[in-house]
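Here the structure comes first, spelled out in structure tokens, and everything after it is commentary.
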Amino acid sequence: MASRNEAKLLVPLGVVLLVVLGLSIFIGRYPTPYIMSPSLLYHDDMARQVVWSLRLPRVLMALLLGMTLATAGTVLQMIFRNPLVEPGFLGVSQGAAFGATLAILWLGSSPLLIEFFATFFALAGLFLSYYLAKQWNFGGWTLRLVLAGMVVSALFSSGVGILKYLADPLTQLPEITFWLLGGLWSVTWREVGYSAPVVLAGLLLSYLMRWRLNLLSLNEETAFSLGVAMEWERALLLVGAVAATAVVTSVGGIVGWVGLIIPHVARRLCGANAQFTLPTAMLLGGIFVVICDDLARTMLLGEIPLGILTSLIGALVFMGLMRSN
Amino acid sequence: MSIISLKDVSFGYGAEKALSDLSLEIPAGQITAILGPNGSGKTTLLHLMLGLLIPQTGQVWLDGQPQAHYTRRAMCQFIGLVPQLEYLPFNFSVLEYVLLGRTPHLGMLELPGERDYQTALSMLDMLGLTHLQARLVTELSGGERQMVILARSLSQQTRILLLDEPTSHLDLSNKGRILQVLHDLAEQGITVVFTTHDPEAVALIAHQLILMRGGQVQASGTVAQTLTTENLTATYGVPVQVISVAGRAVVLLANFVSYF
């Protein structure tokens with residue numbers, strides 16, 4: 001194809017992602033902090049255990065989380081024609097937070113229950129936003145949906161506030177706070193297994209429809225004149241992106257900034273055409289979150305919440321990028 | 001031979017009627033202008049021809065067949081649109097944007113291929129925009145932008161081109177260029193339909209004129225028959241005079257005192 005410079009970035013990014021993934025399973029605090037020699041895998045049972053049962057599922061989950069948030073961010077920004085939208089905005093993030101808090105407070109802190117409740121309330125947030133937007137009768141559909149999302153998020157976040165107020169400050173409150181800051185410390189193969197189908201389906205759908213995303217970002221009448229079925233194409237992409245976000249949020253908690261910033265970085269690198277921006281954002285999101293999670297579990301003796309690192313590093317990288325040419 | 005015909009078409013937004021019992025014919029291969037006051041239903045009429053709006057009563061016929069017989073894809077290969085305003089929240093390059101016009105020729109999940117790039121580039125070349133291909137659409141001047149939107153519609157390669165007020169924000173030279181392009185397209189056999197507030201554009205390039213008022217056709221026919229003092233005065237409800245200068249109709253507003 002005639003000199004498509006935008007696509008040339010994908011191969012190097014793919015290579016970087018593979019290298020980062022490969023290194024990440026040798027990074028950690030066993031047997032000594034930071035990096036482990038691969039040869040240890042041959043003669044240390046414990047090392048094999050750590051790599052296979054702890055690090056590998058966690059690294060893969062970080063990959064899924066990063067790819068999902070970056071993809072969902074790109075998709076939602078384009079279908080809502082608004083570069084400031086982020087994946088959790090339709091009541092999804094705050095819904096998940098409410099569900100997780102509820103589970104920690106009343107049902108003990110079994111990861112399975114937390115994930116179930118978080119997914120349930122994340123999807124409830126989405127449907128409630130959708131229902132409210134359908135009920136209202138002023139303004140355009142996009143405006144109503146965005147406003148409904150804000151209202152539902154506000155309701156859930158005040159709910160989280162009330163629950164935190166009721167929580168035991170010594171046992172429950174730290175756990176709630178830690179969940180809200182995001183992290184992958186509890187990930188096992190089970191979490192990877194149950195989130196992978198929804199996540200991969202959502203990613204594949206967005207990837208296949210990446211040319212349609214461009215069209216959905218145009219005026220309604222222009223998109224129509226080019227043969228786009230606005231309503232259902234938008235709905236399909238929305239459901240795919242939000243369901244995948246709900247699932248990864250239920251596992252990883254609130255990991256901010258990835259879904260907002262990675263699409264901007266991707267556009268900065270290869271322009272607005274989603275044919276290239278979407279795969280670029282996917283790879284960048286994966287690389288970014290896997291690296292942040294490596295730091296989260298390695299830098300200190302205790303775990304650093306992932307959400308803090310993604311916001312901190314994300315904001316710094318973004319500032320640098322916007323200044324450069 | 002008319003390529004678009006509307007038969008007894010009515011359409012309203014809610015209780016308000018935008019168009020009532022409207023019938024008209026658009027001849028193939030000619031330029032038809034639609035002139036009328038704000039809110040007279042010009043854009044609604046274009047949207048009905050495009051199929052974006054469905055008539056509440058009556059029918060739209062395209063090339064001898066009811067609109068409903070066309071698939072969406074076939075429709076989009078048949079009619080293109082240059083909208084009045086194109087707000088782009090993302091920074092597409094000119095070439096990327098023009099390439100979007102190839103969509104009706106692609107499958108649902110298909111990406112544009114070499115032929116689509118060639119078509120897009122040849123449209124840019126035809127409009128003299130090749131030097132802009134790598135620029136961002138949002139960085140262009142108003143005139144360049146309108147030409148690029150036109151190039152996007154042309155790369156759709158349709159037989160009919162609908163344009164909603166294509167010259168309304170343009171200076172004289174850009175207006176001249178757009179009108180020249182529309183004239184040339186009609187020479188190549190493309191049917192052009194445009195709405196406008198500018199009688200000069202009508203007199204310069206249009207063959208047919210439809211005058212709209214209050215959702216109805218006030219008058220229609222060839223420009224020579226229709227662009228008259230009586231018709232325009234009745235359409236706009238203010239005294240207007242049409243005179244001939246160098247063989248071309250020129251529309252003058254009467255003195256201010258007579259408006260109220």
Side-chain angles (χ1 to χ4, degrees), chain A residues 1-7 74-85 137 140 142 204-233 236-237 263-264 266-279, chain B residues 43 46-47 49-53 71-93 95-97 99-118 120-121 134 136-138 149 152-153 155-156 158 160-162 164:
Chain A
M1 208 176 288
S3 71
R4 302 281 80 87
N5 284 323
E6 303 91 339
T74 311
V75 167
L76 296 190
Q77 288 174 7
M78 292 199 88
I79 63 178
F80 287 105
R81 311 186 65 211
N82 184 340
L84 297 177
V85 162
N137 46 15
T142 307
L204 183 69
L205 178 77
S206 312
Y207 182 76
L208 289 176
M209 290 184 72
R210 61 198 190 282
W211 179 257
R212 311 299 287 185
L213 278 176
N214 289 327
L215 303 160
L216 289 165
S217 80
L218 302 174
N219 284 356
E220 197 150 335
E221 50 183 340
T222 308
F224 181 87
S225 77
L226 294 172
V228 179
M230 285 299 238
E231 296 258 321
W232 80 259
E233 287 187 33
L236 198 63
L237 281 160
H264 284 278
R267 277 194 288 272
R268 181 105 188 146
L269 292 176
C270 63
N273 185 353
Q275 185 187 343
F276 307 111
T277 311
L278 190 90
Chain B
T43 301
L46 285 192
H47 286 172
M49 292 176 185
L50 186 68
L52 177 60
L53 300 176
T71 62
R72 289 277 292 115
R73 196 176 145 94
M75 276 284 287
C76 299
Q77 292 175 2
F78 190 67
I79 304 190
L81 173 78
V82 174
Q84 196 173 127
L85 281 174
E86 176 81 296
Y87 165 65
L88 291 175
F90 298 100
N91 261 330
F92 290 106
S93 76
L95 179 58
E96 282 167 347
Y97 177 75
L99 207 50
L100 293 175
R102 296 299 301 158
T103 303
H105 300 272
L106 301 174
M108 175 70 188
L109 302 178
E110 198 182 343
L111 297 169
E114 194 51 47
R115 264 186 51 208
D116 301 300
Y117 275 90
Q118 290 312 325
L121 286 168
L136 299 177
V137 177
T138 43
I149 296 173
R152 194 259 301 141
S153 295
S155 72
Q156 212 172 327
T158 58
I160 304 175
L161 194 58
L162 307 176
D164 200 358

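What you see below is based on every heavy atom in this structure, not just the backbone, and it leaves out hydrogens, waters and symmetry mates. Numbers restart at 1 for each chain; the letters A, B, ... are given by sequence-line order, proteins then strands.
Distance CG/A:N273 to CZ/B:F92: 6.5 Å, rounded to 0.5 Å. Here CZ of A:R210 is found 4.5 Å from CG of B:L111. Values are rounded to the nearest 0.5 Å. From A:E233, atom CD reaches atom CE of B:M108 across 3.5 Å, with rounding to the nearest 0.5 Å.
Contact between B:P89 and A:P83 at its shortest, heavy atoms only, is O-CG, 4.4 Å. In terms of heavy atoms, A:L226 sits closest to B:T103 at O-CG2, 3.7 Å. The minimum heavy-atom distance between A:Q77 and B:F90, with the atom names listed, is O-CZ, 3.4 Å. Of all non-hydrogen atoms in A:L218 and B:Y97, the two that sit nearest each other are CD2-CE1, 4.2 Å. Taking all atoms of both residues into account, the shortest heavy-atom contact from A:E221 to B:L85 is OE2-O, 4.5 Å. In plain terms, the two heavy atoms of B:E96 and A:A272 that are nearest each other are OE1-N, 4.3 Å.
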Checklist entry - Yes or no on side-chain contact (heavy atoms from CB on, under 4.5 Å) for B:L109 and A:Y207, after CA distance, side-chain angles and deciding distance? => result CA-CA 10 Å; B:L109 302 178; A:Y207 182 76; over 6 Å; no
Checklist entry - For A:W211 and B:L100, what are the C-alpha separation, side-chain angles and deciding distance, and is it a side-chain contact (heavy atoms from CB on, under 4.5 Å)? => result CA-CA 9 Å; A:W211 179 257; B:L100 293 175; 3.7 Å; yes
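If you measure heavy-atom distances from B:Q77 to chain A, you find no contacts under 4.5 Å at all. Both the backbone and the side chain of A:R81 come within contact range of chain B, each with at least one heavy atom under 4.5 Å from a heavy atom of that chain. Neither the backbone nor the side chain of B:I149 comes within contact range of chain A; no heavy atoms are under 4.5 Å apart. Residue contact with chain A, scored on non-hydrogen atoms closer than 4.5 Å, is absent for B:M75. Contacts between B:L99 and chain A at a heavy-atom distance below 4.5 Å involve backbone atoms as well as side-chain atoms.
By number of non-hydrogen pairs under 4.5 angstrom with chain A, the leading residue of B:Q156, B:R73, B:R102 is B:Q156.
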